[in-house]
Amino acid sequence: MVRVRFAPSPTGYLHVGGLRTALYNYLFAKRHGGICILRIEDTDRTRLVEGAAEALLTTLRWAGIEFDESPEKGGQYGPYVQSERFDLYRQYSAELVERGAAYYAFDTPEELDAMRKRMQDAGIAWRYDRTTMRNQYTLGEAETKRLLEENAPKTVRMKVPLSGEIRFEDLVRGPIEVPARDVDDQILLKSDNFPTYHLANIVDDHLMQITHVIRGEEWLPSTPKHALLYDAMGWERPKFAHLPLLLNPDKTKLSKRQGDVAVEDYREKGYFHEALVNFVALLGWNPSSDREIFSMQELIDTFDLSKVNKAGAVFDVQKLDWMNSEYLRAKPLDELARDIMPAMQASGVTTTPEYLASVIGLVRERIHKLNEVPAFTTYMFHVPTEYEAEYKEKHWLPEHAAPMRTLAERLAATEWKAAPLQEATKAFAKESGIKIGVFMNVLRLMVTGRSVGAGMFETMELLGKDECVKRIDAALVVFGG
RNA sequence: GGCCCCAUCGACUAAUGGUUAGGUCACAACCCUUUCAAGGUUGCAGUACGGGUUCGAAUCCCGUUGGGGUCACCA
């Protein structure tokens, strides 16, 4: 049985890289009929943000990712919040010490900083030296016992072998080998008795029977430590899969400063969750096809960890925009109308879902995001009060007044549908000897006040005869016809 | 700097020893046209470099260069 987990820290928003990690875990679990778990890793009290865990869940749910086991849903391996599992970590940390795989250290942060600085100045790579620092090996049994009884501040560090190689297999990168001498004696239990990520992570992954650890590449360097810990406890190691990083345009790790990194930002900007998920799914993975558009179910059906790429992928908003517009054009109009109705009302428009749906149908090919609808379609709800100066300058001449008046009369007498209206206009252009382009532009100017918009006759049909005639008359007055 | 990872058009990627190196975004041109789009057609553009292995290399090996990640009592 496949069991995977997404384990974020509740320190704020959901990073798009986090979304992709969560998504791959979810897809992998669903693909194999497995279980996907959400675990909150809140062992660092200093970085904790109130309400962040709930926000994370809300955003993940918006994206269409549901967990089988989570803090709110529960499950038989809970609790799913690390701060509620502290006793467990202390217990296993003690066991690690008993097994000789970890030891007590009594150095203060100041001492460590000083040592680090000294080594740095000397040009030597930093690594905790357990033969010279203050720990149970240098202090001796009696002194260690005394300090422990005295409740002196202490940490528990892992005892990493001084020689040899640490090997592990990565599902996307193959075998990885690192010299043990380059691995630091990582702190497992802090002096406040709280575990660090490394301890809490392997304890929970083991206890929750996680079979595959799918996480970002930034974790690759600490995986040897995790492998060592599983071995020390006599636990079976899960399979590891380290995902390529999401990058800024300059190829550095995707970060704030260079654009939006929070999923919430994209949500607020009006991107569809389907588009964001589709886009992010294809960043670092591809099912070897030319296909670009995938629904969640289609992603589940084709997802394959072995096809995940090794190289980082630049997050290109232009392609996201394109993908979003694909969804915008494919979605049912009534659904779009329902989604954007609140924003329409907020911008002072009262309308019916049916009319709004028709309006969206007219303009959806001209915008990238649904939330552009209110600003793009004001003329569909309000009589224009202003006319784009440059556009008017370019297309309006006083001698157009008389023919326009006649055209308006002709149009009013024809069936108020796009096709007949077009025919009538064409006929009148021919008859009057004026190019149809002139009528088109002036009509657009008078009816919408804008230089850009949907097809003119479709727009007029939807607006209705009375409204259009009224607008043309009003414009004629304003323009001094 | 040590360690680790990575390397196909500007971007996302396909091609797992044999293809004129394919698709998508972006960009450009043309067509369509009623503004803006959309759509259609075409174009631009890539295997980082150097050595091997092989009849044959984007693909396998080695090196170089370049990029990235990581080196906390953060995760």
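Letters go in sequence order (proteins before strands), and every chain restarts at 1.
B/rC60 sits 12 Å from B/rA15 when the P atoms are compared, rounded to a whole Å. Atom C1' of B/rG50 sits at a distance of 15 Å from the matching atom of B/rA7, rounded to the whole Å. Going from the P atom of B/rA72 to that of B/rU59 covers 38 Å, rounded to whole Å. The gap from the C1' atom of B/rU13 to that of B/rC31 amounts to 30 Å, rounded to the nearest Å. Comparing the P positions of B/rA45 and B/rA28 gives a spacing of 16 Å, expressed to the nearest Å. Rounded to whole Å, the P atom of B/rA29 lies 42 Å from the corresponding atom of B/rU65. Nucleotides B/rA14 and B/rC9 place their P atoms 13 Å apart, quoted to the nearest Å. Taking the C1' atoms as reference points, B/rG52 lies 38 Å from B/rG43, given to the whole Å.
In summary, the aromatic rings of A/F479 and A/Y387 are positioned with their centroids under 6.0 Å apart. In summary, the aromatic rings of A/W416 and A/F457 are positioned with their centroids too far apart to meet the 6.0 Å limit. Two rings, from A/H395 and A/Y391, have their centers less than 6.0 Å apart.
Using a 4.0 Å cut-off between a side-chain N of Lys or Arg and a carboxylate O of Asp or Glu, A/K225 and A/D184 do not qualify as a salt bridge. We find that A/E467 and A/R471 are joined by a salt bridge, their nearest charged nitrogen and carboxylate oxygen being less than 4.0 Å apart.
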Treat primed atoms plus P, OP1 and OP2 as sugar-phosphate and everything else as base, then score nucleotides 64-75 of chain B 5' to 3': B for base contact with protein heavy atoms under 4.0 Å, S for sugar-phosphate contact only, - for none.
-> ----SSS-SBBB
Could you run through nucleotides 15-28 of chain B and give me one letter per nucleotide, 5' to 3': B if any protein heavy atom sits under 4.0 Å from the base, S if only the sugar-phosphate is that close, - if neither?
-> S------BBBSS--
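Heavy atoms of A/R329 sit under 4.0 angstrom from primed sugar atoms or phosphate atoms, though from no base atom. Residue A/E177 is in sugar-phosphate contact alone, with no base atom involved, counting any heavy-atom pair closer than 4.0 Å across all strands shown.
Put simply, CD on A/Q258 is 15 Å from P on B/rA11, counting in whole angstrom units. One interatomic measurement links the two molecules: CH2 of A/W285 to P of B/rA14, which rounds to 11 Å at whole-angstrom precision. For the pair A/K310 NZ and B/rU59 P, the interatomic distance rounds to 14 Å; values are reported in whole Å. Protein atom CZ of A/R127 is 14 Å distant from nucleotide atom P of B/rC4, rounded to whole Å.
A/R181 meets the side-chain contact (heavy atoms from CB on, under 4.5 Å) test with A/P179; sequence neighbours excluded. Listed by chain and number, the residues in a side-chain contact (heavy atoms from CB on, under 4.5 Å) with A/D290 amount to none (sequence neighbours excluded). A/K117 meets the side-chain contact (heavy atoms from CB on, under 4.5 Å) test with A/D121; sequence neighbours excluded.
The base-pairing partner of B/rU41, taking Watson-Crick or G-U wobble contacts with both distances under 3.5 Å, is B/rA29. For B/rG69, the paired nucleotide is B/rC3, the pair qualifying as Watson-Crick or G-U wobble because both relevant distances are below 3.5 Å. Remark: B/rU54 base-pairs with no nucleotide in the shown strands. Criterion, Watson-Crick or G-U wobble with two distances under 3.5 Å. Across all strands shown, B/rU19 remains unpaired; no Watson-Crick or G-U wobble contact has both distances below 3.5 Å. Remark: B/rC49 base-pairs with B/rG63; criterion is Watson-Crick or G-U wobble with both hydrogen-bond distances under 3.5 Å.
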Could you please spell out the steps behind the salt bridge (Lys or Arg N to Asp or Glu O under 4.0 Å) verdict for A/D205 and A/R39?
-> CA-CA 10 Å; A/D205 281 348; A/R39 182 174 73 222; 2.9 Å; yes
Go through A/R450 and A/E388 one step at a time and tell me if the salt bridge (Lys or Arg N to Asp or Glu O under 4.0 Å) criterion holds.
-> CA-CA 6 Å; A/R450 306 258 191 100; A/E388 271 183 43; 5.1 Å; no
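Remark: the backbone N or O of A/R130 is paired with a side-chain donor or acceptor of A/N135 at under 3.5 angstrom.
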Every protein N/O lying under 3.5 Å from an N/O of nucleotides 32-37 of chain B:
residue, atom, partner, partner atom, Å
B/rU34, O2, A/R444, NH2, 3.4
B/rU35, O2', A/S451, O, 2.6
B/rU35, O2, A/S451, O, 3.2
B/rU35, O2, A/G453, N, 2.9
B/rU35, O2, A/G453, O, 3.4
B/rU35, N3, A/R444, NH2, 3.0
B/rU35, N3, A/G453, O, 2.7
B/rU35, O4, A/R366, NH2, 3.3
B/rU35, O4, A/A454, O, 3.4
B/rU35, O4, A/G455, N, 3.4
B/rC36, O2, A/R366, NE, 2.5
B/rC36, N3, A/R366, NE, 3.1
B/rC36, N3, A/R366, NH2, 3.0
B/rA37, O2', A/E365, O, 2.2

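Going from atom CH2 of A/W396 over to atom CG of A/L445 covers 8.5 Å, rounded to the nearest 0.5 Å.
The A/R173 side chain lies nearest to B/rC5 when the options are B/rG2, B/rC5, B/rC4. Among B/rA38, B/rC5, B/rC3, the nucleotide with an atom closest to any side-chain atom of A/I176 is B/rC5.
Toward the 5' end of RNA chain B, the nearer of the two residues A/D182 and A/G284, judged by each one's closest nucleotide, is A/D182.
The closest side-chain donor-acceptor pair between A/H242 and A/R215 falls under 3.5 angstrom.
An OP1 or OP2 oxygen of B/rA14 is reached within less than 4.0 angstrom by a side-chain nitrogen or oxygen of A/N309.
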